[in-house]
Amino acid sequence: MNSFGRLFKISIFGESHGPCVGIVIDGCPAGLPLTPADFAADLARRTSGRPGTTARREADAPSILSGLFEGSTTGAPVVILFENRDTDSRAYESFRHFPRPGQADFVAFHKHGGFNDYRGGGTFSGRLTTGLVAAGVIAKRLIHPAVVEAVLVEAGGSTDVEKAVNAAVKADDSVGGIVECLTRGLPVGLGEPFFDSLESLLGHLMFSIPGIKGVEFGAGFAGSRMRGSEYNDVIISAAGETATNNAGGINGGITNGNRLFFRVAVRPTASIARSQPTIDLRTGQRGEVQAAGRHDACFALRVPVIVEAACAIVVADLMLLEQRIPRIKR
Ligand SMILES: Cc1cc2nc3c(=O)[nH]c(=O)nc-3n(C[C@H](O)[C@H](O)[C@H](O)COP(=O)(O)O)c2cc1C
């Protein structure tokens, strides 16, 4: 449903144009130093403002409602809330019965029997990833000295991200992109052979980010075209270091001590400033819809820090399960 993780367990809530969005983190160890200011840098990377992102401006000031006392986590659930202040729902009225192609409007209407909050995409909105990024800040601390870094390496099929985004904006269109994520400093042994393989868990959380349509580990799909002699990562040290990293740092679903590497495909934004054919949900008759309102022409620009957060959350949960994170004592 809306929760993920076993020991570091997150539950996400809120709607894009409701009063707030946020996250509950159950199982966050006690004694972790934390202040609201610690969230600022990562939240700033997710926020809008750059060309190609939405004109909606939210302060993204975290209110920590539980689980923090005298500057440290207490072991109680950490509840972090972000108010929605810069909402303008007028444009969404037309999507209520005329679903945007490629958006979740159609499925939301049918799944929730027409009771869905369609304003700003409701619970399907990228706005909910604010809480994910906040949980990621805590997870990144827990997994230290391991470090996760993600970067947008291309947009609209071009490595010239700025040019691709500007061209899309000019054409009243949108573009997607590819995010690469690298994690250094992981121990050998995180993940399980079958259902909790590291690929499965990372895939689960990556595909929970709205608009993610592909995840590949190491050489990924290109690996299927290689011979074994080319693909196999030769082990060159007793610590398990390999000469190449076609497996992306995972063998048998388990970290092998090399860098964890995967790529994520981000779709182009559904809401474009062009009229597109659709149907009227009430009558089934054909109609037209234009995604008025404020949208990211390339929301992939905002995705790297969300991918980092999702990766750190998975790793933190596995490190707690493997008892790799020592208790903090006074
Ligand atoms: C940070 C972020 C911002 C997003 N901004 C928009 C947006 O402005 N307009 C839009 O149509 N989709 C946006 N999306 C994508 C939609 O949320 C997503 O496409 C939609 O929920 C349907 O899900 P799907 O693409 O996974 O099928 C954004 C996603 C993220 C992660």
Side-chain angles (χ1 to χ4, degrees), residues 2 12 14-18 21 23 42-58 60 82 84 86-89 91-92 94-96 98-112 116-136 150 152 155 165 168-169 172-179 181 203-215 264-276 278 289-311 313:
N2 298 298
I12 204 161
E15 289 94 8
S16 183
H17 289 193
V21 293
I23 198 123
D42 274 8
L43 289 169
R45 290 173 62 205
R46 199 210 71 93
T47 203
S48 57
R50 285 160 285 173
T53 61
T54 175
R56 179 175 176 182
R57 297 279 177 275
E58 291 287 358
D60 288 346
F82 298 89
N84 294 323
D86 185 18
T87 56
D88 179 357
S89 307
Y92 289 87
S94 58
F95 311 150
R96 183 168 203 171
F98 293 94
R100 291 165 290 175
Q103 250 292 357
D105 306 335
F106 179 85
V107 293
F109 180 86
H110 284 288
K111 185 171 175 68
H112 299 122
N116 56 301
D117 180 353
Y118 55 86
R119 302 167 304 160
T123 192
F124 294 87
S125 169
R127 173 86 183 129
L128 273 83
T129 59
T130 320
L132 213 52
V133 169
L152 182 67
V165 172
V169 172
D172 284 341
D173 217 327
S174 65
V175 279
I178 295 178
V179 172
C181 185
H204 190 155
L205 255 207
M206 293 306 145
F207 286 122
S208 307
I209 301 170
I212 301 305
K213 287 295 183 184
V215 182
V264 165
V266 187
R267 57 163 294 168
T269 314
S271 309
I272 52 175
R274 288 182 184 198
S275 192
Q276 294 185 93
T278 186
V289 67
Q290 185 175 340
R294 300 173 296 176
H295 299 282
D296 298 297
C298 179
F299 69 86
L301 291 164
R302 304 172 61 189
V303 164
V305 71
I306 307 169
V307 166
E308 283 178 13
C311 180
I313 289 164

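In each ligand, atom 1 is the first atom listed, and ligand 1 is the first ligand listed.
- Heavy-atom proximity to Arg267, at under 4.0 Å, picks out these atoms of ligand 1: 19 (O), 25 (O).
- No option in Arg294, Arg57, Arg56 other than Arg294 meets the salt bridge (Lys or Arg N to Asp or Glu O under 4.0 Å) test with Asp86.
- Close approach of ligand 1 to Phe124 (heavy-atom distance below 4.0 Å) involves ligand atoms 17 (O), 21 (O).
- Here the shortest heavy-atom pairing between Val165 and Gly52 reads CG1-CA, 3.6 Å.
- In terms of protein heavy-atom proximity, atom 24 (P) of ligand 1 is closest to Gly211 N, 3.7 Å.
- Shortest contact from atom 6 (C) of ligand 1 to any protein heavy atom: Asp296 OD2, 3.8 Å.
- When atom types are taken as modelled, the side chain of Asp105 and the backbone of Arg100 share a donor-acceptor pair closer than 3.5 angstrom.
- Here the shortest heavy-atom distance to atom 1 (C) of ligand 1, taken over Val133, Leu128, Ile306, belongs to Ile306.
- Within the 4.0 Å heavy-atom shell around ligand 1 one does not find Arg127.
- Taking both residues in full, the closest heavy atoms of Met206 and Ala310 are given as CE-CB, 3.6 Å, listed atom of the first, atom of the second, then distance.
- Atoms of ligand 1 lying under 4.0 Å from at least one heavy atom of Ser271, given by number and element, are 9 (N), 10 (C), 11 (O).
- Taking each of Gly121, Ser208, Pro210 in turn, the one with a heavy atom nearest to atom 18 (C) of ligand 1 proves to be Pro210.
- Between Arg302 and Thr53, the side chains place no donor N or O within less than 3.5 Å of an acceptor N or O (distance only, hydrogens not considered).
- When each of Arg127, Arg119, Glu15, His17 is paired with Asn84, the side chain to side chain contact (heavy atoms under 4.5 Å, CB included) condition holds for Arg127 and for no other.
- Heavy atoms of Thr269 approach ligand 1 to within less than 4.0 angstrom.
- Here the side chains of Val264 and Ile178 are not in contact, with every heavy-atom distance at 4.5 Å or above.
- Compare Arg46, His295, Lys213, Gln103 by their heavy atoms: the one nearest to atom 22 (C) of ligand 1 is in Gln103.
- Ranking the protein heavy atoms by distance from atom 29 (C) of ligand 1 puts Phe299 CD1, 3.3 Å first.
- The protein heavy-atom contact nearest to atom 2 (C) of ligand 1 is Gly126 CA, 3.7 Å.
- The backbone N or O of Leu301 sits less than 3.5 Å from a side-chain atom of Arg50, completing a donor-acceptor pair.
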